[in-house]
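Read the structure below first, then the notes.
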Amino acid sequence: VVVERTEIRNATQIVGVENKLTYDIIDENGISVMHNYEVGQIRGILQINKSDITFISASNSWIYDGMAHSETSYTYEGVIGYGDEVRVVGITEITDVGYKGNNLVYAITYEGEDVTHTNYFLSYRTGTLRVSQRDVVLSPHDEKVYNGLYQSAEKIIAIDGTSLADGHVA
């Protein structure tokens with residue numbers, strides 16, 4: 001029966017902790033029979049190594065609408081410690097047509113304490129954020145009264161169910 005033991009929770013990558021173990025030998029009735037044994041003991045080292053975690057950020061795409069977009073979904077490979085919580089604390093945004101890596105920033109905490117770099121080696125596989133061009137059909141359209149001068153259409157409208165992004169005019 002173990003009576004006392006060394007317990008540590010966080011990774012100690014470089015320096016181990018002396019693993020002290022105190023125990024008692026008991027019979028089937030729960031009575032100590034330790035006095036009947038000459039017990040030799042070799043102290044050991046208890047070392048908890050950092051866990052390897054790979055975060056995989058999700059990809060997403062949008063049609064251009066003039067708004068900033070981000071994607072905070074992710075998965076991970078590896079073991080997150082019991083009671084540890086993962087949060088996204090930094091995001092990437094995209095507004096204009098093009099591509100960007102979805103570089104999320106993660107924090108891992110235990111009871112409010114940041115243990116991200118204490119207990120974990122992090123690596124990343126980055127998703128892609130994409131904004132595609134918005135299809136729009138524009139047509140010059142205007143009505144004027146004859147005045148003897150050369151005139152042109154000065155209004156441009158979107159037709160066939162297409163539209164410009166909110167706040168944009170042609």
Side-chain angles (χ1 to χ4, degrees), residues 5-17 19 45-170:
R5 65 178 173 237
T6 300
E7 291 184 350
I8 58 175
R9 182 181 191 285
N10 291 328
T12 53
Q13 185 63 28
I14 308 282
V15 179
V17 173
N19 189 14
I45 298 293
L46 174 58
Q47 180 166 312
I48 299 174
N49 294 318
K50 292 182 179 186
S51 179
D52 291 318
I53 302 293
T54 300
F55 284 106
I56 304 128
S57 62
S59 295
N60 207 337
S61 62
W62 300 268
I63 302 295
Y64 176 76
D65 62 2
M67 305 295 291
H69 295 280
S70 63
E71 177 59 65
T72 59
S73 299
Y74 66 91
T75 58
Y76 64 86
E77 296 171 350
V79 176
I80 299 289
Y82 178 80
D84 287 1
E85 296 179 5
V86 178
R87 293 181 300 117
V88 174
V89 295
I91 63 171
T92 299
E93 290 184 337
I94 187 169
T95 302
D96 294 327
V97 172
Y99 298 87
K100 274 189 179 179
N102 190 14
N103 298 306
L104 299 177
V105 179
Y106 307 89
I108 305 172
T109 59
Y110 177 73
E111 295 181 349
E113 178 186 349
D114 188 340
V115 295
T116 307
H117 301 291
T118 305
N119 293 335
Y120 300 97
F121 286 121
L122 304 183
S123 61
Y124 307 91
R125 288 204 306 264
T126 303
T128 302
L129 303 179
R130 176 182 179 204
V131 172
S132 299
Q133 288 182 324
R134 182 183 194 103
D135 291 331
V136 64
V137 178
L138 300 177
S139 174
H141 183 78
D142 212 344
E143 289 186 27
K144 305 239 174 161
V145 175
Y146 175 76
N147 64 9
L149 302 172
Y150 289 99
Q151 299 185 58
S152 63
E154 295 174 11
K155 294 181 184 175
I156 298 176
I157 62 168
I159 60 172
D160 295 334
T162 63
S163 65
L164 299 176
D166 288 344
H168 292 191
V169 294

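What you see is a predicted model; the values in this text were computed from it and never measured. Throughout, numbering of the chain's residues begins at 1 and tracks the sequence.
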Going from [atom1] on [X] to [atom2] on [Y], what distance comes out if it is rounded to the nearest 0.5 angstrom?
{"X": "R130", "Y": "H69", "atom1": "CZ", "atom2": "NE2", "value": "13.5 Å"}
{"X": "E93", "Y": "N102", "atom1": "CD", "atom2": "CG", "value": "11.0 Å"}
{"X": "I63", "Y": "D135", "atom1": "CD1", "atom2": "CG", "value": "7.0 Å"}
{"X": "K50", "Y": "L122", "atom1": "NZ", "atom2": "CG", "value": "9.0 Å"}
{"X": "H117", "Y": "I108", "atom1": "NE2", "atom2": "CD1", "value": "8.5 Å"}
{"X": "S51", "Y": "Y120", "atom1": "OG", "atom2": "OH", "value": "6.0 Å"}

is_close_aromatic(Y106, Y76), centroid dist under 6.0 Å: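 No, the ring of Y106 stays outside the 6.0 Å limit from the ring of Y76, centre to centre.
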Which heavy atom of [X] sits nearest a heavy atom of [Y], and at what distance?
{"X": "D114", "Y": "T109", "result": "CA-CG2, 4.0 Å"}
{"X": "K100", "Y": "T92", "result": "CD-CG2, 3.9 Å"}
{"X": "L104", "Y": "I91", "result": "CD2-CA, 4.0 Å"}
{"X": "S59", "Y": "E71", "result": "O-CG, 4.4 Å"}

Short side-chain to backbone donor-acceptor contact, S57 and G127, under 3.5 Å: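 A pair under 3.5 Å: yes.
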Backbone of I56 reached by a side-chain donor or acceptor of R125 within 3.5 Å: no
Y110-N119 side chain donor-acceptor pair, cut-off 3.5 Å: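 No pair is found: no donor N or O on one side chain lies under 3.5 Å from an acceptor on the other.
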pair W62-L129: side-chain heavy atoms closer than 4.5 Å: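 W62 reaches L129 side chain to side chain.
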